[in-house]
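Next up is a structure, given as structure tokens.
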Amino acid sequence: MPRRRNRALTVLIRVLALGTAALVLLVAGIGTLAWNVTTVDTVGEVDFDTELAIPPLAESTVEDGRRVFELTAQEGSTQIDSERVSTWGFNGDYLGPTLRAERGEEVEVRFTNSLPEATTVHWHGMHLPPKMDGGPHQMVPAGEEWTPTWTIDQPAATLWYHPHPHGETMDHVSRGLAGMFILDDPAERALGLPSEYGVDDLPVIVTDPSARRGEVDTNAERGGGVLVNGTEGPYAEVTDELVRLRLLNGSAMRVYNFQLDDGSPLVQIAGDGGLLPEPHETSSVRLSPGERAEVLVRMEPGETRTLRSVAPELGQNFLSERFSGGSDRFDVLQLRAADRLDAAPVVPAELRPDAAEHAGDEADVTRTREFHLAGRSINGAQMRMDHADEVVTLGNTEVWEVRNTGGEPHTFHVHDVQFHVLSVDGREPGPELSGLKDTIFLEDGKEYRLLMTFTDYADPTMPYMYHCHLLRHEDQGMMGQFVVVEEGQDPAVGGHAH
Ligand code: C2O
Ligand code: CU
Ligand code: CU
């Protein structure tokens with residue numbers, strides 16, 4: 001009897017062991033599949049057979065000393081993957097024209113919403129009154145118009161514009177609603193940098209393919225290849241020794257790490273808010289969604305070079321890194337130099353030595369605020385349209401200490417101001433952060449100290465936003481509001497005082 005029971009037990013154990021082995025294999029298989037599916041690599045697979053589209057410069061008229069632009073958000077379609085897909089654009093089918101204005105100029109934008117639903121237009125990086133900001137409080141219903149006006153009062157920079165309807169930003173931006181807003185000033189012009197738009201000064205708006213399907217779902221967040229100015233597999237003919245690329249990460253969720261395929265350097269001359277103090281020669285430029293960088297590329301006659309995005313260092317733990325696109329690579333843009341090139345201007349050794357001054361003087365700091373980003377909250381709170389999370393006194397210089405404690409990638413973007421990065425985890429930031437910024441990538445656990453000054457526009461009734469610029473996170477509520485008030489004024493957001 002005991003014998004037989006033993007045999008039964010042995011059989012049972014074997015069955016269990018087999019079952020466990022099968023389960024382990026299944027789990028490992030699914031894990032491996034997920035692991036591979038999460039990685040995208042288009043290096044060497046892009047044909048570069050379409051000339052890079054250059055967004056047209058927006059036409060403008062000058063009325064009563066005001067530069068007036070017209071923008072219409074509209075439905076359209078775009079040819080991608082030999083397929084006609086529905087997209088949205090400003091004054092066209094996909095993306096929008098490049099707006100351009102001079103420091104000191106008064107501008108007016110006559111915006112018409114021809115879409116079937118409400119949207120907004122936000123001027124990302126712009127210093128302007130909160131009612132003109134185009135955030136979630138400036139909704140423009142379908143078929144209606146909105147005409148913001150303000151005076152350009154900040155250094156030359158590559159800014160951009162995009163919708164900001166609460167909960168819908170990722171959808172609207174990914175469908176194609178985005179464009180560049182270039183600001184000029186005399187000091188920048190005097191440097192003699194490449195500045196012939198579309199010739200030796202190229203807008204490079206990089207978006208991901210969730211847009212091209214006109215749909216946004218989790219799988220489409222990061223898949224396939226990338227578009228540049230809406231062009232798939234783009235090349236640009238270069239006729240100058242030195243080309244300036246205005247890189248804008250217009251993607252919803254993806255972080256890029258731009259590099260040249262032959263290892264030659266990129267010379268970064270500007271960040272989000274304008275010129276760096278001096279040129280910064282680097283092998284790669286990391287840009288998270290919403291960030292911009294201007295780089296110079298030196299070309300030899302007849303050569304071809306490819307701008308790529310290689311695996312970005314995301315500063316996350318191993319798994320989070322992998323599942324956030326930390327292993328992905330893309331061929332982005334091919335540059336083809338003509339056999340004879342126009343001589344390059346000399347790149348000045350100094351660009352804007354006093355760039356940081358715009359953000360204020362650390363000695364004047366009157367207040368330090370802390371922001372912790374985790375989950376889909378900032379300081380444990382989610383976006384509330386009728387609540388002022390922070391109240392700032394006009395004219396104050398502050399330090400905002402920002403930390404990502406969530407174990408996954410986040411970024412931090414502040415409306416209205418350009419900030420200067422004082423330190424990253426107690427250390428002096430790298431030269432790529434030496435200029436003005438409005439959006440910064442947050443590596444896990446590190447503390448970023450941002451210096452900023454709130455000048456010009458007090459309005460206790462209308463808030464500005466700060467938020468994670470990973471658009472899905474923003475839509476899920478990872479956003480807060482601040483109002484700028486005159487000394488002693490009470491905020492009254494949403495029609496009631498706090
Ligand atoms: Cu680019 Cu609040 O946005
Ligand atoms: Cu913004
Ligand atoms: Cu985030």
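Indexing begins at 1, ligand by ligand and atom by atom, following the structure's order. Computation of the quantities below employed the complete heavy-atom set of this structure, encompassing side-chain atoms and omitting hydrogens, waters and symmetry-equivalent molecules. Numbering starts at 1 and runs along the sequence shown.
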For a salt bridge (Lys or Arg N to Asp or Glu O under 4.0 Å) check, start with the C-alpha distance between R292 and D438, then their side-chain angles and the critical distance, and finish with the verdict. CA-CA 10 Å; R292 289 87 64 211; D438 55 55; 2.7 Å; yes

Which atom, counting only N, O or S, brings H124 closest to atom 1 (Cu) of ligand 1? ND1

Distance only, no hydrogens: is a donor on one side chain within 3.5 Å (strictly under) of an acceptor on the other, for E144 and W146? no

Working to 10°, measure the angle at atom 1 (Cu) of ligand 1 formed by atom NE2 of H469 and atom NE2 of H162. 110°

Look at H469 and state whether any of its N, O or S atoms is less than 2.8 Å from the Cu ion (ligand 2). no

Angular separation of C468 SG and H410 ND1 about the Cu ion (ligand 3), given to 10°: 130°

Under 30°, 30 to 60°, or over 60°: which ring-plane class applies to F181 and W150, parallel, tilted or perpendicular? tilted

Measuring from the Cu ion (ligand 2), name the closest N, O or S atom belonging to H413. NE2

I want to know whether H415 and H467 have ring centres closer than 6.0 Å. yes

Backbone or side-chain N/O/S of H164 under 2.8 Å of the Cu ion (ligand 2): no

If I take atom OH from residue Y256 and atom CG from residue L287, how far apart are they, to the nearest 0.5 angstrom? 10.0 Å

Can a donor-acceptor pair be found, under 3.5 Å and without considering hydrogens, that links the side chain of T231 to the backbone of A53? yes

Here the N/O/S atom of H122 closest to the Cu ion (ligand 2) would be NE2

Can you tell me the N, O or S atom of H473 that's nearest the Cu ion (ligand 3)? ND1

